[in-house]
Amino acid sequence: DAGVIQSPRHEVTEMGQEVTLRCKPISGHDYLFWYRQTMMRGLELLIYFNNNVPIDDSGMPEDRFSAKMPNASFSTLKIQPSEPRDSAVYFCASSTLTSGGSNEQFFGPGTRLTVL
Amino acid sequence: AQSVAQPEDQVNVAEGNPLTVKCTYSVSGNPYLFWYVQYPNRGLQFLLKYITGDNLVKGSYGFEAEFNKSQTSFHLKKPSALVSDSALYFCAFPRISGGYQKVTFGTGTKLQVIP
């Protein structure tokens with residue numbers, strides 16, 4: 001398996017533009033997580049899905065952020081309009097559920113977003 | 001609230017010396033606990049986990065962690081540090097909440113191994 005795939009790896013855009021980040025989870029995994037990592041705030045959970053349904057989006061910072069999972073093999077995180085403070089590394093991770101929640105998450109390589 | 005804490009933002013150790021990265025937990029009952037490592041410009045990578053049984057857990061790259069219930073700790077250890085171990089390390093607490101899997105990550109500890 002190729003692991004969790006994210007694209008693009010790097011994105012540079014100007015303030016006000018729409019940004020779409022993409023993620024392909026590991027086949028067979030029924031959980032998908034979106035995280036954001038910055039020096040100031042560390043690793044933050046934005047939203048997660050179970051069986052393509054959003055379960056908890058309380059970490060989404062503002063209405064400018066939205067995430068979808070149209071099928072089991074694809075998810076997007078969209079920022080519209082983007083702002084410089086959105087600059088961060090965005091990670092996607094996937095996992096399966098076991099009794100007690102003991103299965104680890106598998107992380108993608110991340111998308112480094114720079115908003116000028 | 002149930003959580004994990006990493007009291008050190010950064011740990012420096014000389015190459016060849018033993019290393020310890022600390023994690024304490026505030027969790028009721030018997031927790032599951034994970035360690036992840038993040039190398040520069042990479043995603044987090046699973047190292048090891050404690051579920052139940054033996055308190056000493058062995059993981060990837062020669063790392064191990066000791067679950068200590070009386071001290072509510074799960075410190076990550078390695079007998080002899082390598083320069084290539086320099087990375088960011090996260091302790092994590094997975095569980096079922098409301099019928100769904102959740103994971104709480106610590107704030108991370110930067111390990112610097114000095115040649």
Side chains of N17(B) and E15(B): donor-acceptor distance under 3.5 Å anywhere? no
Name the atoms and distances for all side-chain donor-acceptor pairs under 3.5 Å in residues 83-91 of chain A, with sequence neighbours left out.
| residue | atom | partner | partner atom | Å |
| --- | --- | --- | --- | --- |
| E83(A) | OE1 | R85(A) | NE | 2.6 |
| E83(A) | OE1 | R85(A) | NH2 | 3.0 |
| R85(A) | NH1 | E62(A) | OE2 | 2.8 |
| R85(A) | NH2 | E62(A) | OE1 | 3.4 |
| R85(A) | NH2 | E62(A) | OE2 | 2.8 |
| D86(A) | OD1 | R64(A) | NH2 | 2.9 |
| D86(A) | OD2 | R64(A) | NH1 | 2.7 |
| D86(A) | OD2 | R64(A) | NH2 | 3.4 |
| D86(A) | OD2 | E83(A) | N | 2.8 |
| S87(A) | OG | P84(A) | O | 2.9 |
| S87(A) | OG | V115(A) | N | 2.9 |
| Y90(A) | OH | D86(A) | O | 2.7 |

Pick from L33(B), L88(B), T107(B), L44(B): which one has the most heavy-atom pairs with chain A under 4.5 Å? L44(B)
Taking NZ, NE, NH1 and NH2 as the nitrogens, is one of them in D9(B) or K110(B) under 4.0 Å from a carboxylate oxygen of the other? no
Side chain, backbone, both or neither of Q105(A) within contact of chain B (heavy atoms, under 4.5 Å): both
In terms of hydrophobic clustering (I, L, V, M, F, W, Y; side-chain heavy atoms under 4.5 Å; direct or indirect links), are L43(A) and I79(A) co-clustered? no
What do the steps show when you test K102(B) against I96(B) for side chain to side chain contact (heavy atoms under 4.5 Å, CB included), and what is the final call? CA-CA 6 Å; K102(B) 282 199 79 168; I96(B) 301 295; over 6 Å; no
Side chain, backbone, both or neither: which part of R41(A) has a heavy atom under 4.5 Å from chain B? neither
Side chains of S26(B) and Q2(B), donor plus acceptor under 3.5 Å: no
Is there a path of hydrophobic side-chain contacts, each under 4.5 Å between heavy atoms of I/L/V/M/F/W/Y residues, joining V12(A) to L77(A)? no
Which bit of Y35(A) comes within less than 4.5 Å of chain B, counting heavy atoms only: side chain, backbone, both or neither? side chain
Atom group of Q45(B) that falls short of 4.5 Å from chain A, counting heavy atoms: neither
Taking CG in D63(A) as the centre, count heavy atoms belonging to other residues, nucleotides or ligands within less than 6.0 Å. Is the count above 12? no
Only pairs of heavy atoms separated by less than 4.5 Å count here; which of Y100(B), F105(B), F90(B) has the most with chain A? Y100(B)
So if I take each residue of residues 47-76 of chain B and look for any heavy atom under 4.5 Å from a heavy atom in chain A, which residues do I end up with? K49(B), I51(B)
Answer with yes or no whether the side chains of N103(A) and T96(A) bring together a donor and an acceptor at under 3.5 Å. yes
